[in-house]
Amino acid sequence: MKPRVRFAPSPTGFLHIGGARTALFNWLYARHTGGTFVLRIEDTDTARNTKAAVDVILDGLRWLGLNWDEGPLTSDATGASKGDLGPYFQSQRKENYRRRVEALLSRGLAYEHEGAIKFKMTREPIVIHDLVVGDVERKLTDREDLDPDFVIVRSDGEPVFHLVNVVDDLEMNMTHVIRGEDHLSNTAKHIALFRAFGVQPPKYAHIPLILNSDGTKMSKRDQGALMTAYMDGGYLPEALVNYLCLLSWSPKDNREKLPLAEVVERFDLPQILRANARFDHDKLLWLQGEYARELEPDRFYELCVHALSKAGMDTNTFPVAYIKAALDTCRGKIKLFTELPGYAGFYFEETVEINPEAAKKDFVPENKSRLERLRDAFAKTEPFTAANLEIALKSTATELGVKAGVLVHPTRLACTGNTAGPSLYHLLEVLGKEKVLARMNRAIELFG
RNA sequence: GACCCUAUGGUCUAGCGGUUAGGACACUGCCCUUUCACGGCGGUAGCUCGGGUUCGAGUCCCGAUAGGGUCGCCA
């Protein structure tokens with residue numbers, strides 16, 4: 001029987017990076033084994049759950065490329081879904097839970113208590129045969145020792161997590177439950193419930209948690225804890241996915257950057273590490289740079305234009321060839337697409353804002369006449385190409401008896417407003433003679 | 001408080017009884033480049049501690065310590 005795994009998030013309005021990693025590992029296992037990846041929405045808390053909150057989950061998974069074989073098609077709980085074992089929204093499965101609770105009640109395995117229904121939990125230690133952690137004997141804690149039974153239906157009639165989770169996993173024929181290690185202690189309850197229903201529990205694989213860089217638990221409030229931080233932060237999904245694969249899993253051959261297809265091929269449950277891992281933002285950023293540098297031209301342009309427009313820069317008024325030439329000079333220079341507006345905005349702005357700190361250093365009186373000489377040289381440069389501009393600048397420097405850098409820095413500042421950016425000669429060529437001369441003239445006015 | 005999991009440089013990891021303990025990120029020195037990146041060549045830095053087992057222990061066992069998790073009418 002082919003494995004059936006699921007990702008079962010609760011629509012809280014956020015998709016936690018840890019949840020995304022859990023989804024990824026489930027997806028990887030399904031793809032590796034040729035099994036089925038199911039998405040189930042645990043929206044039992046009707047007051048808190050909204051369609052928008054479900055969209056956050058669907059959008060996040062889609063952005064990562066984690067397609068599901070069964071589950072909702074849209075965020076509408078009553079809408080269409082794919083798969084034969086739905087509904088895939090818990091809010092639509094009340095009848096299933098009611099029937100299961102009835103069964104427990106009638107067999108004396110559950111009982112009413114102060115309006116709620118409690119499950120009669122065994123007092124014997126339960127051994128969890130975990131595929132990642134190994135055999136774990138879960139004994140009762142002191143509090144549980146006082147009363148091991150736990151609520152499965154609240155006094156308001158709503159079934160609780162432990163019950164619905166088990167019922168759904170049972171009825172959806174889940175063969176493996178891959179989830180965060182924070183559920184390990186709860187697993188004894190779930191196993192007891194499966195036994196009460198007279199079925200064999202699925203195989204469990206509890207994966208380590210992702211911690212903050214300081215080793216503390218990552219909560220929604222922490223930097224980088226939410227998927228939106230990456231989706232809106234100019235990251236490439238393939239970089240994030242690659243990074244997430246490297247947390248608690250390793251290809252074991254000293255490689256860091258590897259295509260997803262290869263991870264799918266090599267991924268398996270027993271080789272998952274057991275220790276929690278800290279999120280290393282620097283390493284993710286490095287991977288991001290690796291992927292950004294190798295992007296296909298069209299995707300690169302598209303992501304760039306999108307980043308510019310998000311920053312309020314309209315590129316539509318510029319010729320396509322100009323846009324492409326401009327963006328080409330940024331290739332391999334930026335990592336995050338959110339950096340682009342600040343890095344290449346000068347190509348698309350009428351007047352550039354000069355960095356005042358740099359101006360103090362470069363726009364000094366003795367440079368004024370030098371820049372004027374260079375401007376005149378540029379005015380005569382034809383064709384206005386990077387190679388010719390380099391010759392013009394260097395020979396002007398020689399004539400003036402100064403190093404090239406003396407002209408390079410003020411020119412860059414005049415034309416881009418910044419001290420760092422694309423290759424100077426290439427950027428000047430793209431900008432074109434008219435803009436370059438205009439910007440140099442404007443800068444010359446500014447000299448103190 | 002009880003129960004459970006974990007422990008290789010700052011971080012992610014390779015290691016599976018005998019290695020000069022390997023790689024990557026970060027940091028750093030030099031080269032390349034008159035910007036910034038990229039790239040190339042170096043460097044600093046590690047087996048938590050204490051007992052066993054063994055000829056021999058990062059590797060196996062026990063304990064301590066530390067970190068994380070769980071004990072809800074949250075999920």
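So that the names make sense, note that chain A is the first sequence line, chain B the second, and so on, each numbered from 1.
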J.: Take the protein atom NZ of A/Lys217 and the nucleotide atom P of B/rA75, then report the distance between them rounded to whole Å.
T.: 15 Å

J.: When every nucleotide of nucleotides 23-38 of chain B is labelled 5' to 3' by its protein contacts under 4.0 Å (heavy atoms), B for base, S for sugar-phosphate only, - for none, what sequence of letters results?
T.: BBBS-------BBBSS

J.: Nearest to the side chain of A/Arg138, heavy atoms from C-beta on, is which of B/rC73, B/rG68, B/rC4?
T.: B/rC4

J.: Sticking with atom C1', work out how far B/rU8 lies from B/rA24, rounded to a whole angstrom.
T.: 15 Å

J.: Give the rounded distance in Å between these two atoms: NE2 of A/His16 and P of B/rA75.
T.: 18 Å

J.: Regarding A/Glu137, tell me which of base, sugar-phosphate or nothing describes its non-hydrogen contacts under 4.0 Å with the strands shown.
T.: sugar-phosphate

J.: Under 4.0 Å, counting only non-hydrogen atoms across every strand here, what does A/Arg143 touch: a base, just sugar-phosphate, or nothing?
T.: base

J.: Under a 3.5 Å cut-off for both distances, is B/rC71 Watson-Crick or wobble paired, and to whom?
T.: B/rG1

J.: Using the C1' atoms only, state how far B/rU19 lies from B/rG46, rounded to an integer number of Å.
T.: 15 Å

J.: Provide the Watson-Crick or G-U wobble partner of B/rU6, both distances under 3.5 Å; none if there is no partner.
T.: B/rA66

J.: Classify the angle between the aromatic ring planes of A/Phe384 and A/Phe378 as parallel (below 30°), tilted (30 to 60°) or perpendicular (above 60°).
T.: perpendicular

J.: Listed by chain and number, what are the side chain to side chain donor-acceptor pair (under 3.5 Å) partners of A/Asp268, not counting sequence neighbours?
T.: none

J.: Give A/Ala275 one of three labels, base, sugar-phosphate or nothing, depending on what nucleic acid heavy atoms sit under 4.0 Å from its own.
T.: sugar-phosphate

J.: Looking for any heavy atom pair under 4.0 Å, which part of the strands does A/Lys257 touch: base, sugar-phosphate only, or nothing?
T.: nothing

J.: Just compare B/rG68, B/rC12, B/rC73 and give me whichever is closest to any side-chain atom of A/Thr216.
T.: B/rG68

J.: For a quick check, tell me whether the side chain of A/Ser185 and the base of B/rC4 share a donor-acceptor pair closer than 3.5 Å.
T.: no

J.: Any base atoms under 4.0 Å from A/Ser155, or only sugar-phosphate, or nothing? Heavy atoms, all strands.
T.: base

J.: Considering only side-chain heavy atoms of A/Lys139, which listed nucleotide, B/rG68, B/rC4, B/rA14, is closest?
T.: B/rC4

J.: Does A/Glu339 reach the main-chain N or O of A/Leu336 with its side chain, forming a donor-acceptor pair under 3.5 Å?
T.: yes

J.: Between P on B/rA14 and NZ on A/Lys252, what's the gap in Å once rounded to a whole number?
T.: 5 Å

J.: Identify which nucleotide among B/rC3, B/rC74, B/rG69 has an atom closest to any side-chain atom of A/Arg154, counting heavy atoms from C-beta outward.
T.: B/rC74

J.: Rounded to the nearest Å, what distance is computed from the NZ atom of residue A/Lys189 to the C1' atom of nucleotide B/rC74?
T.: 12 Å

J.: Can you name the residues that form a side chain to side chain donor-acceptor pair (under 3.5 Å) with A/Thr338, not counting sequence neighbours?
T.: none

J.: Taking the P atom in each of B/rA75 and B/rU6, what is the distance between them to the nearest angstrom?
T.: 28 Å

J.: Between A/Gln271 (CD) and B/rC16 (P), how many Å, whole number?
T.: 15 Å

J.: Please tell me whether A/Asp362 and A/His409 have a donor and an acceptor in their side chains that are separated by less than 3.5 angstrom.
T.: no

J.: Does A/Glu42 or A/Leu211 map to a spot on RNA chain B nearer the 5' end, using the closest nucleotide for each?
T.: A/Leu211

J.: When rounded to the nearest Å, what value does the distance between C1' atoms of B/rU70 and B/rU54 take?
T.: 38 Å

J.: Under 4.0 Å, heavy atoms only, any strand: does A/Asn186 hit a base, just the sugar-phosphate, or nothing?
T.: base

J.: Less than 4.0 angstrom between a side-chain N/O of A/Ser250 and OP1 or OP2 of B/rG15, yes or no?
T.: no

J.: Nearest-Å distance, CD1 (A/Ile152) to C1' (B/rC74)?
T.: 17 Å

